[in-house]
S.K.: 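Pasting a structure here, questions to come.
Chain A is the first sequence line, chain B the second, and so forth, proteins listed ahead of strands; every chain is numbered from 1.
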Amino acid sequence: MPAPQCASCHAARAALRRPRSGQALCGACFCTAFEAEVLHTVLAGRLLPPGAVVAVGASGGKDSTVLAHVLRELAPRLGVSLRLVAVDEGIGGYRDAALAAVRRQAARWDLPLTVVAYADLFGGWTMDAVARSTAGSGRSRACCTFCGVLRRRALEEGARLVGATHIVTGHNADDMAETVLMNFLRGDAGRLARGGGLGSRGEGGALPRCRPLQLASQKEVVLYAHFRRLDYFSEECVYAPEAFRGHARHLLKLLEAARPSAALDLVHSAERLALAPAARPPPPGACSRCGALASRALCQACALLDGLQRGRPRLAIGKGRGGRDEEGSSGPPPPPPSDPGSAPGPAAGGCGAACKERCE
Amino acid sequence: MCQVGEDYGDPAPEGPPPPPRPGLRSRELKCVKCKEGVPVVVIRAGDAFCRDCFRAFYVHKFRAVLGKNRLIFPGEKGLSRDSAKRLRFVPGVIYVDEGAACGQSPEDRAKTVAEMKLVLQTLGFPWHIVALEEVFGLSPSVLRCSAREPVGAVGTYKVAVDSFLQQQHTLGTERAGGSPSPTQGEERLSPPGTQESQDPAGPPPAAQTEALSRLFGSVKTLTAKEEFLHTLRTHLILHVARTHGYSKVMTGDSCTRLAIKLMTSLALGRGAFLAWDTGFSDERHGDVVVVRPMRDHTLKEVAFYNRLFAVPSVFTPAIDTKAPEKASVHRLMEGFLLRLQAQFPSTVSTVYRTSEKLVKAPRDGCAAGPRCLLCMCTLDVDAAGLCGGGGAPASGRRGPGPSGSSGFLCLQTVPRLSGPRPPVSPRRSPPPRGLGLEHPRRWAAPRTAARGPGPAGGKARPVLSPRPAPRSCAGRRVALPGPGRGGQVQLCSRREDSRARVIEQLCYGCRANMKDVVSGSRPRVVTGEVHPRGSVPHGPSPTAVLSVAALLGPPATLHLGRGPAPQPKVPASHTAGGAPFVCVCVLWGGGEGPSGPLHLAAGSQRVASPRASQEIQEYLVENGAEETHTAES
């Protein structure tokens with residue numbers, strides 16, 4: 001059966017059927033539509049005001065590559081200037097290749113690139129070192145916890161370094177949908193209340209963050225990269241088992257097969273959830289050590305680093321484990337039960353997204 | 001964070017795993033409650049109950065839920081699917097025969113109904129058996145959503161209980177000599193009036209059955225079918241409840257079912273309505289409240305209760321019987337949760353507990369607006385179709401601005417209007433001018449954002465107010481050259497129009513379902529018309545009336561509406577081809593005063609600035625894709 005005609009230009013053969021509308025489009029029309037939608041997301045949500053200096057979290061993966069490309073196309077119209085910020089977690093054999101991809105992109109698109117390294121920011125702790133340190137605990141998944149929290153901090157530092165006023169990350173609709181499914185399956189009302197929206201406004205001194213691709217499904221992101229012939233790095237992190245997210249991801253794939261717009265429907269749902277006021281986390285305070293946004297006395301990054309320095313890496317992880325008392329002995333308010341000590345800040349899809357390797 | 005998530009969410013088994021069965025037998029465990037009975041069922045890990053204790057536990061749970069929520073006043077009538085013992089309200093039982101939707105043969109249906117009747121007769125409650133076909137006969141007056149009853153406060157509840165007890169006491173003393181105390185399971189309160197049991201008046205007309213199965217045949221996916229069936233069933237039950245004076249409808253959803261339903265609703269985009277869909281009580285219909293008193297029982301408890309106490313049951317195929325698991329979101333979610341539950345025994349209760357933290361109020365800043373025509377929930381898409389109305393500029397903690405996101409989604413979700421393709425491709429005849437005015441509309445789904453306030457009181461009534469200008473598609477196409485074509489074009493655009501108008505009065509989830517309803521270019525369209533509140537200047541009841549009409553087979557036309565009977569807007573030429581109107585459902589009316597819930601404060605919910613739309617249009621025009629997003633293209 002020949003492909004139908006493109007519903008937009010009526011000239012070329014359609015190359016895909018869009019999940020959200022079922023529209024059959026050719027590659028060129030799809031790319032234009034995709035860009036227009038990102039533009040719309042940014043404009044309608046007033047995510048990036050004209051004149052903003054935008055730090056694009058670049059990992060070399062598909063999402064950040066597409067994000068950087070689209071924003072570069074739209075930059076003149078939006079009146080923003082772009083800086084690529086990449087984080088070097090110090091994962092041997094994985095990050096080097098990804099960073100090479102980022103460097104190629106930066107050179108091709110003529111965008112300034114800054115690389116910040118865990119080793120420099122966090123007193124010599126690379127992810128490999130963290131992994132060695134946590135290996136004894138028997139749960140290697142802990143790596144993602146450290147990496148997500150620290151990367152978030154590193155990106156913030158990198159953005160400040162380049163004088164950015166806004167941070168954008170490449171989370172797509174599927175990421176958000178997985179996160180909301182996960183949060184329901186584990187009953188995380190606090191994070192459900194916090195999630196939704198397209199980003200955080202940047203309260204408490206943190207830079208505003210947003211996710212312009214949040215309404216684009218993963219399939220469309222990949223196809224956009226395909227049609228624009230973007231060069232990206234697609235290997236999974238060596239430390240990424242992602243057990244629980246795996247369940248949610250598998251479910252999401254099945255749901256998408258039954259109803260193509262499932263990911264978008266889930267994002268819509270997540271935005272419209274009405275949580276009881278009691279379930280909402282209290283407004284965050286500031287970390288007593290670094291001043292970053294924190295829901296406890298120490299922000300999660302400082303708490304994790306603290307644990308690493310003292311040789312007790314599992315200190316800040318988990319709920320109700322030993323260690324919280326030591327850490328909180330300076331008299332912080334006990335954390336709310338719904339908040340299992342997540343990444344600081346009310347935004348960015350909570351920790352669920354932060355743990356993702358691609359949380360640039 | 002995975003770590004954190006794991007620790008937090010990975011449901012750890014509660015307590016030690018149950019001892020293996022041989023051990024259980026050998027150690028001669030006793031019931032954990034009475035310490036003497038022989039345990040017959042292990043409810044939670046480690047808790048083995050004997051038969052009697054299980055029964056007490058089960059019944060107590062039921063009572064506790066009712067007592068805790070204090071919603072059902074003594075002496076009230078409730079329409080229930082369960083038998084309940086010694087209740088202080090008057091239950092009736094309803095069975096909806098959905099055979100037509102599930103493809104059962106008339107013989108099978110008759111057999112099922114007969115079996116059902118047998119079961120119901122032994123219950124001793126008034127009962128009602130209705131066929132789903134009766135939705136065709138629903139009249140708006142009984143379906144109208146009447147003014148909301150105030151939910152009983154604690155004080156009133158106590159007063160009601162006291163007076164009820166007093167009354168019972170008097171009754172009891174009067175009867176003291178004559179009647180023995182009622183046997184278990186029999187209602188002391190006899191329902192007022194005659195026995196209301198309702199025999200189905202024979203099988204429903206074959207034409208209606210055919211219409212119904214055609215209707216379901218025109219729904220493409222099982223997901224949408226299930227949702228559609230649920231909608232129709234709900235409306236029918238409410239109808240029966242209203243006509244017989246029941247104030248509550250009870251459903252037997254267990255905790256497990258509700259967890260599944262919660263996740264399903266979530267995946268269908270109904271996030272805003274989760275508390276209505278799965279909470280203890282559902283007041284969205286106003287005068288009749290849907291109650292879920294079994295929500296603390298797990299599926300296992302229900303199953304064992306039914307088995308241990310030989311609760312009679314009738315097996316009927318459902319709409320998803322024999323469907324593969326991948327066929328619908330419902331089935332997928334059910335399978336997923338039950339499998340996860342087997343692995344992590346606290347999955348269901350975790351999801352269920354989360355559902356209790358949801359509230360019915362829409363997210364801050366979103367006032368009670370218009371309701372969805374199908375599910376009667378407050379619309380979760382914004383008037384302009386562009387912005388998240390729920391996003392609410394007021395909510396400070398939510399990201400940068402009210403997030404044009406959802407609106408954007410909804411724009412994408414508006415189904416393509418079915419109907420023949422315009423004879424001339426729009427690209428070859430671009431609209432000569434007027435870009436500025438028309439373009440926002442394209443982005444904003446069929447409803448134009450640029451339209452000024454409606455005539456009535458400055459309220460913009462995008463759908464309903466007289467249009468200041470013809471819709472762009474119609475206007476443009478009519479202007480096309482070509483004699484003899486104009487008429488057809490006009491017709492098609494009118495039909496698109498009415499469908500679009502129905503769709504824009506649906507919530508996000510229902511819109512997504514409607515996308516699955518129609519089959520491509522065939523004129524088998526679910527369409528409808530919307531009569532504005534207030535379009536009848538001093539009508540008897542300024543109620544918006546919808547008739548979602550399906551162009552199906554037989555001319556079983558009926559109209560739902562008050563005031564002037566709505567004229568079918570489908571032109572004669574379309575119905576002449578053997579496809580007249582059948583109205584399927586339903587009316588929508590608010591009870592919130594003459595101004596009605598349909599009003600949309602002009603501009604207050606707009607988020608996408610004109611600048612946004614303008615710029616996007618420029619972008620599209622520059623890139624030669626200005627037609628990409630028109631819903632009509």
Side-chain angles (χ1 to χ4, degrees), chain A residues 7-8 10 20-21 29 32-33 36 39-41 43-47 77 141-142 144-145 148 182 184-187 189 196-201 208 210 215 242 244 251 254-255 257-259 261-262 264-266 268-276 279 317-319 340-341 346 351 354-355, chain B residues 1-10 223 263 266-272 275 326 328-329 332 336 347 350-351 353-354 357-359 361-363 380 386-388 390 397-401 403-406 408-409 412 425 427 508 512 607-608 612 615-616 619-620 623 625 627-629 633:
Chain A
S8 176
H10 302 293
R20 56 179 46 168
S21 60
C29 290
T32 313
L39 178 68
H40 176 271
T41 307
L43 288 177
R46 302 198 186 96
L47 300 181
R77 179 166 300 272
R141 285 182 301 207
C144 290
T145 309
M182 266 169 40
F184 256 100
L185 290 176
R186 61 189 182 196
L198 288 162
S200 73
R201 199 186 290 250
C210 60
L215 304 176
E242 296 192 307
F244 202 59
L251 174 64
L254 292 174
L255 290 178
R259 167 166 282 191
S261 62
L264 299 164
D265 295 346
L266 278 163
H268 178 88
S269 282
E271 292 190 345
R272 300 314 178 101
L273 287 179
L275 269 294
I317 307 176
K319 190 177 65 158
C351 198
C355 111
Chain B
M1 132 321 87
C2 277
Q3 191 64 59
V4 177
E6 294 300 318
D7 291 342
Y8 188 63
D10 259 17
T223 308
M263 296 297 287
L266 191 74
L268 294 177
R270 297 183 56 80
K326 286 180 180 177
S328 78
V329 171
L332 277 171
F336 175 80
T347 302
T350 305
V351 174
R353 263 186 286 114
T354 313
K357 292 177 186 154
L358 297 164
V359 292
R363 220 160 171 153
D380 59 343
L386 253 188
C387 108
R397 82 206 145 66
R398 293 195 58 204
S403 90
S405 51
S406 327
F408 189 52
L409 288 184
Q412 299 298 336
S425 108
R427 242 188 111 61
Y508 180 94
V607 175
E615 294 214 9
I616 292 152
Y619 181 84
L620 286 174
N623 288 275
E627 284 299 320
T628 306
H629 288 283
S633 67

S.K.: Given a strict heavy-atom distance threshold of 4.5 Å, which part of B/Ala267 is in contact with chain A: side chain, backbone, both, or neither?
M.R.: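 Its backbone and side chain both get close to chain A.
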S.K.: To the closest 0.5 Å, what do you measure between CG (A/Leu273) and NZ (B/Lys357)?
M.R.: 13.0 Å
S.K.: Considering all heavy atoms of both residues, which atom of A/Arg186 and which atom of B/Thr350 are nearest to each other, and what is their separation?
M.R.: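 Of all heavy-atom pairs spanning A/Arg186 and B/Thr350, the closest is C-CG2, 3.3 Å.
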S.K.: Closest approach of A/Leu255 and B/Val329, non-hydrogen atoms and distance?
M.R.: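 Smallest heavy-atom distance, with atoms named: CD2-CG1, 3.7 Å.
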S.K.: Kindly give the heavy-atom pair with the smallest separation between A/Leu185 and B/Thr347, and that separation in Å.
M.R.: CD2-CG2, 4.4 Å
S.K.: Of all heavy-atom pairs between B/Val351 and A/Phe184, which one has the smallest distance, and what is that distance?
M.R.: CG2-O, 3.8 Å
S.K.: Please report the closest heavy-atom contact between A/Ser269 and B/Arg270, naming both atoms and the distance.
M.R.: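 A/Ser269 and B/Arg270 have their closest heavy atoms at OG-N, 3.2 Å.
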